[in-house]
Amino acid sequence: MNAIEPDRLPGQLAGSGICIRTGPFVSRIQSRLSAVAAGLALLYPDYPLADPDGFTDFQVRLYTPNPLRRWWRPQVQFAMDGRIPFKPLPLSQAYPLLEWGLNWCITSHMHHYLLIHSAVVERNGLGVILPGEPGAGKSTLCAALMLRGWRLLSDEMAVIDLDSLELIPVVRPVSLKNASIEVIRRFASEAVISPPALDTLKGTVAHLRVPRASIERMDEPARAGAIVFPRYRSDAVPAQAAPETPGRTLLRIAQNTFNYSLLGERAFHALTAVVQASRCHDLAYAELEEAIAWFDRLSGEADG
Amino acid sequence: MAESCLPLLVQVLRAPATAAVLEAPDWDRLIRQARHANLLGRLAHRVADVCDMAALPPPVQRHLDSARNFAAAHARVVHWEVNRIRRALAPLEVPVILLKGAAYLLSGSPVAVGRVFSDVDILVPRARLDAVEESLYWAGWLTTHHDAYDQRYYRQWMHELPPLRHVRRKTVLDVHHNILPETARLHPDPEKLIAAAECIDAPDLHVLSTEDRILHSATHLFHDGEFEHGLRDLVDLDGLIREAAGAEARFWERLPARADELQLSRPLAYALRYCREILGTPVPEAMRQWTDRALPGRVTRGLMDALMARALRPPHPSCEDAFTAPARWLLYVRGHALRMPPHLLLPHLLRKAVRSEE
């Protein structure tokens with residue numbers, strides 16, 4: 001996307017849009033909203049653009065639904081292929097709505113894959129799935145790992161090929177919520193973070209730019225070797241890791257799978273195989289540094 | 001209608017083997033048209049039947065594969081819903097006659113392959129309607145319209161109860177006692193439909209007879225105002241007709257006779273006309289003469305041709321022109337006019353218009 005000059009980006013977005021490729025998916029994004037252009041310019045400069053005349057998976061548009069409300073409580077609407085899946089949100093949430101909308105596009109239309117609500121990172125060939133139990137802090141940990149040299153595959157969903165059982169990268173900016181925005185700022189001063197959107201359904205939300213190294217490897221699948229259920233707990237000093245049984249891991253991860261009941265038996269077999277190939281752990285941590293040290297040991301063991 | 005004017009989706013449904021030579025921009029348009037027309041699952045199966053899927057572009061394979069997985073999951077859910085409905089109604093010893101999508105699926109019709117629909121529809125004898133509603137209530141299906149006016153609208157004028165939603169599974173069930181509203185211009189006799197129904201799983205599970213399934217589908221499409229799924233419904237009709245014509249020797253004699261008996265010749269004539277024109281459904285020469293007689297005069301026919309040419313295209317911007325919206329609106333008005341006489345319709349629409357402002 002570096003090929004587009006910054007001052008031409010808004011015009012192109014307002015016109016035929018830009019086609020950004022994130023892993024296997026091409027999204028055509030159209031919008032006249034300055035927040036969308038600014039967010040994309042900030043977070044997507046290193047992404048490859050796809051042929052605008054080729055096949056696009058999702059055509060999304062963000063716009064103000066009611067021009068009369070331009071000044072009084074302005075709103076933003078998300079549409080995929082001209083259809084509107086959500087109610088409009090306040091205009092200040094335009095950029096997060098784009099990211100949420102793109103997540104929805106995948107989880108609602110890509111049942112070719114097993115889709116688990118989780119972060120996925122990789123190092124030394126070890127793919128790690130971090131399932132997203134609410135409030136567990138998977139995004140924070142995933143962001144910290146990424147900033148310390150782990151490759152990001154996805155912060156929001158594990159995309160698993162049902163035949164090869166490989167983890168398919170869908171590399172997109174990492175969503176940070178509430179206190180974790182400040183935590184990551186302090187953790188890595190070089191981190192590029194979008195302006196926070198306040199008072200969303202999930203509280204304050206901002207997005208973190210993904211390092212170029214992860215984007216350059218977005219066509220390289222990984223193999224799951226570990227499943228870790230992270231939990232932030234202020235009293236977990238030092239960090240405490242406990243092995244989890246394969247059976248319980250399967251049940252817990254199935255609950256976090258978007259299309260488990262939809263894929264039925266195939267989902268069960270795929271998940272079983274992934275769990276059997278993985279070491280499964282619970283990890284409670286209070287300090288990011290300790291959690292990262294634990295993960296580094298995990299990948300070091302895989303290397304040795 | 002020249003074949004080259006047909007939307008890409010219709011061209012590929014008519015000749016699925018042509019999918020093998022489509023380029024990326026065509027697929028881009030085709031998959032969007034199919035998704036908007038609620039025909040992506042059907043398209044995926046048709047293409048997979050005749051093309052080497054592995055030779056298609058990988059992104060296309062993913063969308064088609066996803067649609068097939070989605071439709072398979074949907075079929076599982078519908079089988080389960082039907083199982084629950086039968087269990088709830090078993091003590092009543094009433095025949096449960098599945099209609100539309102659920103009927104195609106449970107009777108194993110090829111029309112059901114890849115088809116996705118929102119509600120399960122059943123037909124029960126009117127005399128047993130109260131008992132059926134009560135049994136369903138105790139099994140968890142509750143009414144969705146709590147407004148007194150809506151309740152009266154359905155119960156006094158319509159051919160079905162207000163839609164029921166299952167309290168836990170959130171699935172929607174429509175319980176019919178006829179296939180057209182009490183107030184509609186055409187009056188098919190539900191006793192005749194019930195008497196001819198075929199048992200597909202003893203003792204209680206039934207579907208309408210082959211001819212009645214086609215007539216119901218035609219009535220639903222051409223005597224109603226909802227064309228959002230117009231092309232999908234036409235594809236159903238095409239499939240039902242091809243299936244029946246291939247399986248029953250005297251089908252083309254029985255179908256028009258049954259249509260006359262149930263006062264449904266007009267909707268059937270429209271169905272045959274547009275199935276043949278748009279989807280190339282094989283209709284014998286003798287039937288075309290019958291169709292000509294059953295259709296309205298030249299002026300009305302010309303108008304309907306113009307409206308249907310638009311309403312039966314995929315509801316996607318790539319298939320629409322300046323007259324699409326007015327055509328759909330006119331058909332909506334026509335559908336309501338066929339449903340209710342003016343002295344009932346006008347107050348009803350007025351009430352709906354006022355209420356939607358609230």
Side-chain angles (χ1 to χ4, degrees), chain A residues 16-17 19-28 30 50-61 79-85 104-115 157 159-164 166 168 170 219 221 257-270, chain B residues 8-9 19 22-41 43-44 48 53-54 56-81 114 116 168-171 228 314-320 324-325:
Chain A
S16 59
C19 295
I20 297 182
R21 189 166 73 78
T22 51
F25 307 128
V26 174
S27 309
R28 180 191 295 274
Q30 286 177 293
D51 174 9
D53 299 321
F55 182 83
T56 48
D57 289 278
F58 312 113
Q59 296 186 353
V60 307
R61 203 159 76 81
M80 180 194 128
D81 294 351
R83 300 236 161 141
I84 298 161
W104 173 85
C105 287
I106 298 171
T107 54
S108 306
H109 298 96
M110 279 297 137
H111 306 300
H112 168 77
Y113 295 113
L114 187 66
L115 302 169
M157 66 189 97
V159 175
I160 298 181
D161 186 294
L162 284 163
D163 298 317
S164 70
E166 285 173 324
I168 309 296
V170 183
D219 294 325
T257 303
F258 291 112
N259 52 5
Y260 184 80
S261 62
L262 192 145
L263 292 171
E265 204 179 334
R266 289 179 78 194
F268 174 78
H269 289 302
Chain B
L8 181 59
L9 172 61
L22 293 179
E23 303 284 340
D26 302 321
W27 278 113
D28 194 81
R29 199 153 39 100
L30 177 61
I31 286 183
R32 292 200 155 72
Q33 287 182 2
R35 185 170 281 143
H36 279 235
N38 200 8
L39 279 166
L40 190 55
L43 175 75
M53 286 284 271
L56 301 179
V60 170
Q61 288 177 40
R62 287 196 282 268
H63 282 272
L64 297 183
D65 202 32
S66 174
R68 286 197 291 170
N69 289 341
F70 187 83
H74 178 76
R76 272 203 310 276
V77 170
V78 173
H79 272 282
W80 179 244
E81 283 303 310
V116 172
R168 281 184 33 221
R169 298 193 298 277
K170 308 295 174 200
T171 47
E228 205 199 333
H316 184 261
S318 67
C319 305
E320 291 171 356
T324 304

**OP:** Could you tell me which residues satisfy side-chain contact (heavy atoms from CB on, under 4.5 Å) with B:P59, sequence neighbours excluded, listed by chain and number?
**Re:** A:F55, A:D57, B:P57, B:R62
Original post:
OH/A:Y113 to CG/B:D65 distance, rounded to the nearest 0.5 angstrom?
Top reply: 10.0 Å
Subject >> Separation of B:N69 CG from A:N259 CG (nearest 0.5 Å) >> reply: 8.5 Å
**OP:** Tell me, for B:H74 versus chain A, whether the close heavy atoms (under 4.5 Å) come from the side chain, the backbone, both or neither.
**Re:** neither
Original post:
By a 4.5 Å heavy-atom criterion (distance strictly below it), what part of B:I31 contacts chain A: side chain, backbone, both, or neither?
Top reply: side chain
**OP:** Heavy atoms only: give me the nearest B:R76-A:L263 pair and the separation to one decimal.
**Re:** NH2-C, 4.2 Å
Original post:
For B:R32 and A:T56, which heavy atoms make the closest approach, and how far apart are they?
Top reply: NH2-O, 3.0 Å
Original post:
Is a side-chain donor or acceptor of B:H36 paired with a backbone partner of A:R83 at a separation under 3.5 angstrom?
Top reply: no
**OP:** Please name all residues satisfying side-chain contact (heavy atoms from CB on, under 4.5 Å) with B:R29, sequence neighbours left out, ordered by chain then number.
**Re:** B:L8, B:D26, B:Q33, B:S318
Original post:
Hey, what do you get for CZ (B:R68) to NE2 (A:H111), rounding to the nearest 0.5 Å?
Top reply: 14.5 Å
